[in-house]
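Below: one structure, written as structure tokens.
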Amino acid sequence: MRFLSPWWLLALLVPLVVAIVYVVAQRQRRGYAVRLADLELLDEVVPDRPGWRRHLPAIVLGIALVAMAVGLARPSIDRTVPDDRSTVVLAVDTSLSMAATDVDPDRLTAAKDAARVFLDELPDEVKVGLVAFSGVAQPVLSPTSDHDLVAAAVDGLRLGEGTAIGEAVFAGLDLIEAVREDAEDPVPATIIVLSDGETTQGRPDELAVDEATEREVPVSTIAFGTADGVVTVPDGQQVAVPVNAEALEAIAERGGGAFFEALTLDELRNAFGDLGSSVGRTTEAREVGWWFVAAGLIAAGLAALASIRWFARVP
């Protein structure tokens with residue numbers, strides 16, 4: 001919790017002063033009673049004295065003053081809400097290594113499945129673009145809030161040779177820039193790279209990620225697959241295609257994004273779920289001062305009713 005008008009917390013001095021005055025007054029009253037009263041006679045005349053009830057209205061009134069003073073300081077809590085300005089570009093690796101069957105039924109098919117779940121969980125207002133990359137990066141779909149259209153584009157991805165992660169980031173930045181040019185307000189955006197390897201063609205990852213940082217676009221990565229992946233090349237030979245998680249983690253660290261390593265389809269879904277809970281959303285302050293003011297008014301009312309009921313006067 002934070003306060004939008006913290007100087008109003010000085011109003012807490014009011015209930016503090018009232019509490020001090022009340023304690024002093026009670027001690028003086030007790031001293032007078034001891035000096036002037038015959039305690040044995042008092043017990044006979046008033047056997048059922050109020051005891052703790054005498055202080056309860058004052059205590060509740062003090063709580064009411066504290067609550068209303070806090071309310072004046074405009075307390076607020078942060079909450080996450082969908083941001084309809086957000087744009088996400090999903091860059092999916094379609095290199096031949098994504099045909100490895102170390103993830104059932106294969107890496108690319110599993111990636112498509114997880115991407116559809118990711119799209120379903122995103123706020124409807126968020127625009128999503130798609131980039132496919134192998135040896136070159138191909139912008140498949142400009143950012144759109146039609147997530148069904150994006151899912152269909154994901155289903156249509158096909159394999160190709162090579163891996164160009166740097167080019168994929170540049171292609172994603174181009175899609176985001178087009179959205180920003182048409183927008184009146186600043187557009188928060190992010191790029192999510194799903195891959196199993198490292199760049200073998202095109203511009204270096206570092207060059208692309210630095211450009212993304214300059215444009216205030218974080219780059220998150222998901223390393224998908226295991227160290228045991230193999231693919232069969234056209235001549236029938238099997239080639240090992242282990243995941244290079246270190247290269248993808250380095251991209252995320254340099255790009256200010258998040259890094260996930262997924263060895264199974266479930267882990268990939270969880271990674272997308274974690275990303276989906278953060279991208280396309282923003283944090284805004286929600287004032288809750290009226291909660292405290294309302295509680296203070298209720299407490300003050302209860303204090304008054306208790307005092308009237310027990311002592312026929314308002315505290």
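Since the model is a prediction, treat every value here as computed from it, not as a measurement.
- For the pair Leu275 and Ile192, the minimum side-chain heavy-atom distance is below 4.5 Å.
- In this structure, the side chains of Leu4 and Arg2 come closer than 4.5 Å at one or more pairs of heavy atoms.
- In the model, Asp146 has no side-chain atom that pairs as donor or acceptor with a side-chain atom of Thr144 under 3.5 Å.
- Judged by distance alone, the side chain of Ser220 and the main-chain N or O of Gly257 form no donor-acceptor pair under 3.5 Å.
- Legend: residues meeting ring-ring contact (aromatic ring centres under 6.0 Å, His included) with Phe118, ordered by chain and number and at least two apart, are Phe272.
- Side-chain atoms of Asp205 come within 3.5 Å of backbone atoms of Gly166 as a donor-acceptor pair (strictly under, hydrogens ignored).
- For the pair Val169/Arg203, no side-chain contact is recorded, criterion being any heavy-atom separation below 4.5 Å from C-beta on.
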Note to self: Using the rule given for side-chain contact (heavy atoms from CB on, under 4.5 Å), can you reason through Glu167 versus Val136, listing the C-alpha separation, both sets of side-chain angles and the distance that settles it, and then say yes or no?
What the structure shows: CA-CA 7 Å; Glu167 294 297 338; Val136 295; over 6 Å; no

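- When atom types are taken as modelled, the side chain of Thr199 and the backbone of Ile165 share a donor-acceptor pair closer than 3.5 angstrom.
- Comment: Asp102 engages Arg107 in a salt bridge, judged by a side-chain N to carboxylate O separation of less than 4.0 angstrom.
- Between Leu159 and Ser95, the shortest heavy-atom contact is CD2-O, 3.3 Å.
- Side chain of Lys112 to main chain of Asp155: a donor-acceptor pair is present (N/O by atom type, distance under 3.5 Å, no hydrogens or angles).
- Phe259 is connected to Val219 through a chain of hydrophobic side-chain contacts under 4.5 Å among Ile, Leu, Val, Met, Phe, Trp and Tyr, so both are in one cluster.
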